[in-house]
Amino acid sequence: MPVVATVPDKPVLEGLEEKWKARWNADAIYRFDRSADRSRVYSIDTPPPTVSGSLHVGHVFSYTHTDLIARFQRMRGRAVFYPMGWDDNGLPTERRVQNYYGVSCDPSLPYDSGLLERVVRANAAGGLPDPGAGKSSSKSGPALAVSRPNFVELCAVLTAEDEKVFEALWRHLGLSVDWALTYATISTDARWVSQRAFLSLVAKDRAYQLEAPTLWDVDFRTAVAQAELEDREMPGAYHRIRFDVRDTGQSVEIETTRPELIPACVALVAHPGDERYRSLLGREAVTPLFKVPVPIRAHPLADPEKGTGVAMICTFGDVTDVTWWRELGLPVRAVIQANGTLRPVSWGAPGWESLDADAARQHYEALVGLSATKARARIVDQLREADVLLGEPRPITHHVKFFEKGDRPLEIVTSRQWFIKSMEVRAQLLERGRELEWIPEHMRSRYENWVNGLAGDWCISRQRFFGVPFPVWYRLREDGTTDYDARLVPSEDRLPIDPSTDVPEGFTAEQRGTPGGFVGDPDVMDTWATSSLSPFIVCGWKRDEALWKQTFPMDLRPQAHDIIRTWLFSTVLRSHLEENVLPWKHAAISGWVLDPDRKKMSKSKGNVVTPMGLLEQHGSDAVRYWAAKGGPGVDTAFDAGQMQVGRRLAIKLLNASKFVLGKTAPEGPLTHVLDRGLVTRLAELVRGATSSFERYDYTAALRDIETFFWWFCDDHIEHVKRRRAGAGEDAASATSACLAALSVMLRLFAPFLPFVTEEIWSWWQSGSVHRSPWPTEAELTRLLGGTADADADRAVRHASEVTAFIRRERSLRKLPFSVPVTSVGLPDALQGDWPRVSDDVLAGNNATQARVSFGAGLSVDFAMPAGS
RNA sequence: GGGCGGUUAGCUCAGUGGCAGAGCACCGGCCUUACACGCCGGCUGUCACAGGUUCAAGUCCUGUACCGCCCACCA
C-alpha cells in the first residue's frame, strides 16, 4: 500500500508547542490506565516544586530527564503513572501570603466564614506580584489577624494561581504528566494522609512528644530539624575571661565566643586527662559579674587544644552544651527566649542563686531585652570594667549553624516538640539504602553519610501556621494548665482536622481553653513530614486500595542531590516505618545547572533565565535536547549553543522527513544492499538505544540516535536519492528502507523531541507517536527476511568510505559539486562489495561517467574546469 | 577533618583495557533537486602530575595537586 502523506511545503517548528500540547490534552494521551496490571505499571514519584518560588532553568533540566524516562516506558508498553505535585505547604507560602494579603495568622482566633471573600475582593485590583518577590514586598499598614483555617484558605487561593502558571510551563515543555493526578501538599488529601500517618506513628510509639532543648530560629520563632541546618562562616571573637575558683583564691581562665551567655553558665568543663586542671575538678568556680557558683567537671568532649582547655557550659550555647548538660546532669539556667532576646530572670531565686544577687541584678538589668549580639557588646564592657576580660577579644571566623532559610544564627531553646524515632532504625535505613538502585550509583554514599551522621530523632513540629496541624488536643487540668499526657485524638473519619477550630469528641466549643476543658496542639508539621509521604499521597494509601496495589512501591524517585538528606531520607524512613518496604525501586539523582562560571545558578546572582522565555526563544524541543545531554547526577553548564544545536536537529528532522515522505513510489522488498545495510544498522541502533534507556542512560541513547540520524541524512540519503527517484524494484527497495528508517528514528527521537516528532508522525501516521510502540530489533530484521545482514552492513561502510574520500578531494581542490568525477581508483579490498554499491556511490558524487579501476589505494580525478 | 565526584582540543563534553573522539568555536570551499535555519572539508591534544600492574593504560592500582559537592567543625 503506497504511503499517503500530507507534507507542508515549508515545515517549521514555530507553533508546534501550542498545537500539540492542546491536542495531547484533548486526547488525554498521557492518561494513566487504571485497568493495567501492576507488572505493566511504571510509577513515578515526581518532586513537587515549591509554588511560591519561581521555576528556573534547573527545574526544566531535571524534569525533562524524568519525562524522557516516562516517555520511553510508555512507548515500551508500560502504563505510566506520572503525577505532578505542588509543594504549597510551608514557610515560603506563608511568607508570600502574609505579604500579599497583608494578613497575619493568629491560631487563637475563630474561623470567619466571610473573610476569604472580603480579603480576596479587597486585593482584586492589580495582578499577582512576582512569586519570587515575597520578602521585600510587604504591604504597608498593620496586618489583619486571621484564624488558621482562614489563613490556609488564603494560601489555597494564592497558590492556585501560582500552580496555573507552573502547569502552563510544564505543558509547554512537553512533560507527559497525567494532569488528572495532580496533587498539592496542603490539599485535603495530603492533610488527611499526613495526619493519618502521624497518628499511626503515635499509635505504634514511633513518634513522641518531648520538652527538650531544640534548635530554634529566633526570627521565625520555630524549632527546626537537623536536615534544615546549614553552616555559614561568621566573624566572631574569642574572649578570654577569668573565673574565680571558690574558696581557694585561685582563678581559672576560659575562652568563649559567646560571653553574653555567662549568666546562663551552669558549669565549667575540662578533659579528664588534662593535667593542668586536674586539681580543679570537683571544685566550684564563680561566674564573673553574676557571682554564681558552678561546678568544675570533667568530660572527654572537652578538647585540651581548644582555647584554654577549659570550656564554659551554658544552657545553651551550642549542641555540645546540650550533650554536656545531659550527660553531666546539670541544671537549666536559660536566658535566651524564643525571640532571641535575653529574658528577665530573678537573681537570688531558686535556680538563680548568686553570691551577690544585687550585683547580678545590676549587671543583668543592662542586658535584659537585648538580642544576643547587642548583649554581647554590652557584657564585654562590663567584663572589662570588672577587670576579668583578659586582653582584647581576638577576632576569628568560625562556622555557625543557621536555619537554611534564616538570617540569624540558631539558638537552642527548650520547648515541647514532636519527634519521629529515626535513631533506633538507623541500621535498617542503611539497609534500605543498599536495596535501592541509585542512578548514578555513587549517590548512595551521600545517603549513607547522612544516615550515619544523624544526631538525634527527627523533630517534626514547627511553631508556624501554614502547614498540616497536629491532629491532637490536650485536656486542661482544673487549674487551667495543660496535661500533655491526656491526649485527645480524633477518629479517623474526621480527618483532616484543625485542632485550633475543630472540637474533640465529647467536648463543646465553649470548653476550649477553660479549666477542665481542652486545648488544641498549636503546632504544624514540618513540610518534609508531608513531603515524605508523597508516595502515600499519590498512590492512594488507605483511600484507594486498588490504586495502591497498582502503583506502590513505586518505580522511580527522581530528585536533585541536595535533598537526599531531606526528601529522599524522610520518604525512606516513613515508608519503612509504615509499610516496612522501600518506597521505590530506583532513585535517579539529577545534577544542577551551572552558569558558565561553574557556579550553581541562583537567583541571587541574577543569572537565571526565565524558563518560559527560554522555551519561547529556542523552542521546547531544543531546550529538551540540551537537558537530555546532561547525564544523571552530572552538573551541567547552561549552554544556549547546545539549544541551537537541538533546534537545528529538529529542523533537520522536518526537512529529512519531508524528503522521505515526499515521494510516494510503491514500496517493495529490500533488494538493494545499501537498503539492507541501512536496516541492519538501524536494528543495531535500536538494540543499543533500548539498552541505554533501560539503564537510565538517556544521554548515550540520544548520542547514538543522533549520530545515526546525521549519517542517514548525509550518506544514506545522498547515496540513494537518485535511485529512489527512478522506478522498479530497486526504487521500491529504497522507498521502503527510507520509510522504515524514518518511522524508527521518529519513535527513537520521540522522548527527546516530542513536538517535532509528533508533528511529522501526523503527516503520515494515525494516532500519537507517543502512544506508538518503541521500535524493536525484531520489526527490522523481519524486513530483512529474519536476520541481520552483516554483508550489507560492511558494504554500507565501504560506500561511505569512498564517498568521504571523494568529498575530501573535491573540497581540497575547491571544486563545486557540478564538476564531475572522471575516474576513481579503489583498493582491491573493495572489489567484492563495489559492484553492488557502485551506482549509488557514483550517483551521489556526480561520478556516473567515471572510469573505475582497482589497485593499491583510493584516488580520484575530476574534469578540471577550463583554465585550471 | 570525613566522604563523594571531577581534571581529555580554545569552549562544552563523550570515551566502561586494544589506532585519542563529538558538538560548538575557528579557517576554507560549495546554492548538489529535503534543508543556506543548509551542505562538504580542514586545523586543534604533555588525556592534571608521579609511580605501578599489563603484550597493551585516557581507561585498572597507589599516591599527589587542583576544582566542585555532601557531611562534621560555635569553648
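If you're wondering where the values come from, they're calculated on a predicted model, not measured in any experiment. Order of the sequence lines fixes the chain letters, A, B, ..., with proteins taken first and strands second; residue numbering starts at 1 for each chain. Note that these values count all heavy atoms, side chains included, but never hydrogens, waters or copies made by symmetry.
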Side chain A/Tyr447, main chain A/Leu429, donor-acceptor under 3.5 Å: yes

Side-chain donor/acceptor of A/Lys629 to backbone N/O of A/Gln642, under 3.5 Å: no

Under 4.0 Å protein heavy-atom contacts per nucleotide of nucleotides 4-11 of chain B, with B for base, S for backbone only and - for none: SS------

Same-atom distance (C1') from B/G21 to B/G15, integer angstrom: 7 Å

Sugar-phosphate only, base, or nothing, as touched by A/Asn846 at under 4.0 Å among non-hydrogen atoms: nothing

B/S/- contact track for nucleotides 34-40 of chain B, protein heavy atom under 4.0 Å: BBSBSSB

A/Gln644 side chain near B/G23 phosphate (N/O to OP1/OP2, under 4.0 Å): no

Cation-aromatic face contact A/Lys652/A/Phe709, 6.0 Å, 45 degrees: no

Sugar-phosphate only, base, or nothing, as touched by A/Asp303 at under 4.0 Å among non-hydrogen atoms: base

Between B/U46 and B/A20 - P atom distance, rounded Å: 15 Å

Residue A/Val645, side-chain heavy atoms: nucleotide from B/A72, B/C73, B/G23 that is nearest: B/G23

Sugar-phosphate only, base, or nothing, as touched by A/Gln226 at under 4.0 Å among non-hydrogen atoms: sugar-phosphate

Minimum-distance nucleotide (side-chain atoms of A/Asp231 versus B/A72, B/U12, B/C71): B/A72

A/His398 (side chain) and B/C74 (base): donor-acceptor pair under 3.5 Å: no

Closest to the A/His561 side chain, choosing from B/C74, B/C69, B/G29: B/C69

Sugar-phosphate only, base, or nothing, as touched by A/Leu410 at under 4.0 Å among non-hydrogen atoms: base

Any A/Lys629 side-chain nitrogen or oxygen under 4.0 Å from OP1 or OP2 of B/A22: no

Proximal nucleotide (of B/C70, B/A72, B/U32) relative to the A/Phe817 side chain: B/U32

Nearest-Å distance once atom P is located in both B/G68 and B/A36: 46 Å

Distance, C1' atom - from B/U62 to B/A25, rounded to whole angstrom: 39 Å

Pairwise C1' distance for B/A57 and B/A50, with rounding to whole Å: 15 Å

Among A/Asp562, A/Val451, A/Ile564, the one residue meeting side-chain contact (heavy atoms from CB on, under 4.5 Å) with A/Arg446: A/Ile564

Touch class at under 4.0 angstrom, heavy-atom based, for A/Leu301 against every strand present: base

B/A56 to B/G23 separation - C1' atoms, rounded to the nearest Å: 30 Å

Geometric class of the A/Phe712/A/His716 ring pair [parallel <30°, tilted 30-60°, perpendicular >60°]: parallel

A/Asp217 (side chain) donor-acceptor with A/Phe403 (main chain) under 3.5 angstrom: no

Intra- and interstrand pairs of RNA chain B - dot-bracket, Watson-Crick/G-U under 3.5 Å, | marks other strand: ((((((((.[[[[.)..(..]]]].(((((.......))))).....[[[[[..)....]]]]])))))))....

Span that lies between the C1' atom of B/A14 and that of B/U7, in whole angstrom: 15 Å

